[in-house]
Asker: 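Got a structure for you, written out below as structure tokens; questions coming shortly.
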Amino acid sequence: MSQTETPTGADPLPPWVRRGSILVVMFAVAAPICIPFLLIGLPVLGLIFIMRMKTMAENATTETQKREDTEQKKELVVATRAEKGTDSKEQDGTISGVENTQAENIKNDTSGKAPAEGTDTTGNGAPVVGGAAILAKLRAARKHKSPKPHPVVVLYGSQTGTAAEVAKNISASIEGMGLTSRVVSMNEMGFGNLSKEKTPCVIWVASSTGDGEAPDNATKFYNDAKKKSQAEGMLQGIQFTCLGLGDSNYTRFMHVPRVLKNKFLELGATTFYEPKEADEVDGLEDIIDGWIEGLLPAVRAAVKPEETQGARVSPSSNKENTYAPLPSCSIQVTWMKDGDATENESKGVTGEEYSASEPFLAPIKSAMYLTTDTSDPDRRVIHMQFDLTDSGIEYSPGDSLGVLPENDADLVDSVLNHLGLDGTACFSVQHVRTENDMPETKPCQHIRWPCSVRSAFMHGVDLTSPPKKSLLRVLAEYCSDAKEKEELMHLCSRDGRKDYMERIVKSHCGFCDVLMQHASCRPPFEVLLDALPPLAPRMYSVSSSPASSPHVADVAFTAVEYMTPQKTMRKGVATWWLEKTAEVFLSSTMPNDNESVPRVPLFLRKGGSFSTPSTLNVPWIMIGPGTGVSPFRGFLQQRKHMLEQQQNAEKAECWLFFGCRDMTKDYLYGKELESFVADGTLDQLVVAESRKTPNTKVYVQDKMRQHAAHLHNLIVDQNAYIFICGDGHSMVRDVHNTLVDIVCGEDAKDNAASRKEAESFLAAMTKEAKYIKDVWS
């Protein structure tokens, strides 16, 4: 049989052809019926569905409106009865006929405008008055609701934490008024992020450090603000006010706050409240409290002018709440998985780019005690050298090295155990709220996150300084014991001001002490991280000159160790850590190789006008008791180099007044100072020994009076340079008063007019950078 032949009796069509033919026939029969149904029925079903959805939406809107109307009627009753003096208890739950009619007519008003007081809305000739008018205005305000105001931005530039504390209290008080606020450091905000669209209302609190320099957390902000390339009018539309903090003992008093204020005004910003300067010499707290009292209503007027239009803006009275305001936590912590827990590393910078956030790890070259009795806990002075080879750091006499210390490991362990935290857990940080209209900023810039909890406590936050009142307020909030909470609340209140000074400040009671004394206090990690101040770098004057050692920088410091009024021994965070780190040198056990040489994270801060004069033909007068003599060792090394380079130059006199307790115990750099006298670098070395003679204390100012006539000639007639370095609490004030006496002269020092002229003379010297102080608190 051929392949094309079909067997007898077989169906000539395949099965799939037969099934397809049947479907075609069925569709041909059903089409006349189905097509009209599809063309007419589906649109009808769709229309029914749409109408049903519309009805449901209208019902939901009606229910919402009914609820709003009910609330408005209740508001009307309260407002009307308040107007009439009706006791709400007598008519609880009732609405009078007139009240109901007024409410209904207000509800049915679709104009969106509040009827004027006295307009008939009852339908019975009854005018709208009292509560009804108030309710009508409320409804109109709701219909034309203003957009949500921008957060009030509160910035701070703070070296010691005082400006940050004030800024946090301001921000918390603003939020206590129902407004939104964000408080950040100036560097965290960034000057370029300021604009009328995102930061229309700005408050900042700032201080100066060193010789009129910006604090570490404000340096970039300050430098950017001073740039001449800033666009003219870039801050137009921004309202601001500011508070400057300072100490008039310093040479460039209020320099940073004044520069920033003038820059804000120059670039178009306007003030909404009078800026203020607070001098620590006069006492900060009363000045600050008075300024903030008037600030708060001014902030409300600036942010919500519609609420205060026509009303008198009066100072705020915060007498009802005497406690420090509770700061809100601005960050949230994200715990990282083990595989993602890589700690942040240095970006690798060089030279002048080194900073507190990116320090240079300098090897210690040598260390030795300058005092003879190393067992004296009250007076151990250490001389230390840092190797700056290959760092790119170029220093000059008068500069300072910023050292980044770390907290005591045992202290950190005690905090971790108290809070029940895992020190090895790693985390990252984000802002707890990120408003769409706020610039993106990086929180907690003083902590190199991502990092471990232990690392944050070791290197990032201050655990030993007396806690500020805002921190005490946070700790009180997380005390489960009522008595402990009450105690901390009292310490951060106005009524507890005296107890706070006695029990916290004067007793040197640190954060860790407070935490351990209150067993029930267990704040969450992120709250504590947000509230604790940064572990600030410690600044040490360079005591050498690159002319003598170009790649080695020397410093001298006192190892701080003292007894508190409670008979508790305390140690300085940085000096104790430096002494411990350099133990291999101090014990005369030199390291075997470079890998075992201890390293210290540090950066350079320029001394500004506190530097060696460029000329030798004008007298130099240097006054440096204690470790205040350190920078003058570098000055004299530089002067010696200048004399060697300019052998035929005219040379004026050079004097150094040095103060110590006893030359047999703490005559710092004594032999080297005497060698400067021997080779003619130094003309007069005058030493005051305060503890040599029992019951008689001799200080540098006493020695200056003994040479008053000659110093008068050097200062007034020869226009000498005057440099002071040392403790700013009393020494600087006493030396300054002595200089006033010297400028006046012996015959006129008690004459008020002469003293005023002398003060003006020294002020002029300060402006000319010829009377310069480098002091510390």
Side-chain angles (χ1 to χ4, degrees), residues 210 213 216 219 344-370 381-406 448 459 537-557 559 574-575 577-608 610-612 627 629-642 644-645 668-669 672 675 774:
E213 295 156 349
D216 292 325
T219 303
N344 197 0
E345 297 180 354
S346 174
K347 299 175 183 176
V349 295
T350 58
E352 294 184 359
E353 295 180 356
Y354 288 117
S355 64
S357 58
E358 293 290 342
F360 170 66
L361 290 176
I364 297 178
K365 187 176 182 62
S366 71
M368 58 181 285
Y369 288 106
L370 295 178
V381 179
I382 299 170
H383 169 79
M384 189 174 290
Q385 292 186 315
F386 297 109
D387 187 353
L388 304 181
T389 305
D390 299 327
S391 69
I393 295 177
E394 297 180 358
Y395 75 93
S396 302
D399 292 348
S400 298
L401 291 179
V403 172
L404 276 69
E406 62 180 41
R448 194 188 294 276
H459 307 285
R538 272 51 170 184
M539 308 306 301
Y540 299 102
S541 298
V542 175
S543 63
S544 58
S545 166
S548 298
S549 51
H551 302 297
V552 177
D554 302 355
V555 298
F557 57 90
T575 58
W577 175 72
L578 283 171
E579 185 178 25
K580 180 182 176 183
T581 303
E583 187 175 6
V584 65
F585 295 100
L586 297 173
S587 63
S588 300
T589 306
M590 301 301 291
N592 296 324
D593 51 64
N594 289 334
E595 292 184 1
S596 61
V597 172
R599 295 174 179 264
V600 173
L602 54 77
F603 60 96
L604 182 71
R605 174 173 286 163
K606 303 302 290 184
F610 189 81
S611 59
T612 51
T627 53
V629 76
S630 297
F632 300 136
R633 175 179 179 257
F635 277 39
L636 291 170
Q637 288 179 357
Q638 186 69 20
R639 181 180 175 88
K640 182 177 180 178
H641 176 71
M642 293 169 66
E644 292 171 351
Q645 296 296 314
L668 308 183
Y669 299 118
E672 190 171 358
S675 71
D774 181 15

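Along the sequence shown, residues carry numbers from 1. Side chains are part of it too, since the values below use all heavy atoms of this structure and drop only hydrogens, waters and symmetry mates.
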Asker: Can you list the residues that meet the side-chain hydrogen bond (donor to acceptor under 3.5 Å, both in side chains) rule with Thr612, with sequence neighbours excluded?
Answerer: none

Asker: Quick check: closest heavy atoms across Pro537 and Pro405, and the distance to 0.1 Å?
Answerer: CA-CD, 4.4 Å

Asker: What residues form a salt bridge (charged side-chain N to carboxylate O under 4.0 Å, His left out) with Arg633, not counting sequence neighbours?
Answerer: Asp554, Glu672

Asker: In chain order, what residues pass the salt bridge (charged side-chain N to carboxylate O under 4.0 Å, His left out) check against Glu406, with sequence neighbours excluded?
Answerer: none

Asker: Looking only at non-hydrogen atoms, find the nearest pair between Val555 and Val542 and report the distance.
Answerer: CG1-CA, 4.5 Å

Asker: Hey, what do you get for CG (Leu388) to NZ (Lys365), rounding to the nearest 0.5 Å?
Answerer: 10.5 Å

Asker: Going by the rule side-chain hydrogen bond (donor to acceptor under 3.5 Å, both in side chains), which residues pair with Thr389 if we only count those two or more places apart in sequence or in a different chain?
Answerer: Asp387

Asker: Run the side-chain contact (heavy atoms from CB on, under 4.5 Å) test on His551 and Ser391 for me, step by step, so that the C-alpha distance in whole Å, both residues' side-chain angles and the decisive distance to 0.1 Å come before the verdict.
Answerer: CA-CA 9 Å; His551 302 297; Ser391 69; over 6 Å; no

Asker: How far does CG of Leu361 sit from OH of Tyr354, to the nearest 0.5 angstrom?
Answerer: 8.5 Å

Asker: For residues Ser544 and Ser549, determine if any side-chain heavy atom of one lies less than 4.5 Å from a side-chain heavy atom of the other.
Answerer: yes

Asker: Considering all heavy atoms of both residues, which atom of Gly607 and which atom of Asp399 are nearest to each other, and what is their separation?
Answerer: N-OD1, 2.7 Å

Asker: Which residues satisfy the ring-ring contact (aromatic ring centres under 6.0 Å, His included) test with Tyr395, sequence neighbours excluded?
Answerer: none

Asker: Taking side-chain contact (heavy atoms from CB on, under 4.5 Å) as the test, write out the residues that go with Glu213, two or more places apart.
Answerer: Thr209, Arg605

Asker: Apply side-chain hydrogen bond (donor to acceptor under 3.5 Å, both in side chains) to Ser400 and list each qualifying residue two or more places apart in sequence or on a separate chain.
Answerer: none

Asker: Closest approach of Val584 and Ser587, non-hydrogen atoms and distance?
Answerer: O-OG, 3.6 Å

Asker: By side-chain contact (heavy atoms from CB on, under 4.5 Å), which residues pair with Ser548, not counting sequence neighbours?
Answerer: Gln637

Asker: Going from CD on Glu358 to CZ on Phe603, what distance comes out if it is rounded to the nearest 0.5 angstrom?
Answerer: 12.0 Å

Asker: Give me the atom names and distance for the closest heavy-atom approach of Phe585 to Ile364.
Answerer: CZ-O, 3.3 Å

Asker: Minimum heavy-atom separation for Arg448 to Ser357, with atom names?
Answerer: NH2-O, 2.6 Å

Asker: Mind checking the OG-CG spacing from Ser543 to Leu370? Nearest 0.5 Å is all I need.
Answerer: 8.5 Å

Asker: Output all residues satisfying side-chain contact (heavy atoms from CB on, under 4.5 Å) with Thr575, sequence neighbours left out; order by chain, then residue number.
Answerer: Tyr540, Phe557, Val560

Asker: State the CG-CG distance between Leu578 and Leu602, to the nearest 0.5 angstrom.
Answerer: 9.5 Å

Asker: Just grab all the salt bridge (Lys or Arg N to Asp or Glu O under 4.0 Å) pairs involving residues 542-553, residues at least two apart or on different chains.
Answerer: none

Asker: Could you measure the distance from the CG atom of Leu404 to the CZ atom of Arg538? Nearest 0.5 Å is fine.
Answerer: 9.5 Å

Asker: Can you check whether Ser545 reaches Arg639 side chain to side chain, under 4.5 Å on heavy atoms?
Answerer: no

Asker: So, using side-chain hydrogen bond (donor to acceptor under 3.5 Å, both in side chains) as the criterion, who are the partners of Asp774 when residues are at least two apart?
Answerer: Ser541

Asker: Please enumerate all residues that pass ring-ring contact (aromatic ring centres under 6.0 Å, His included) together with His383, with sequence neighbours excluded.
Answerer: Tyr669

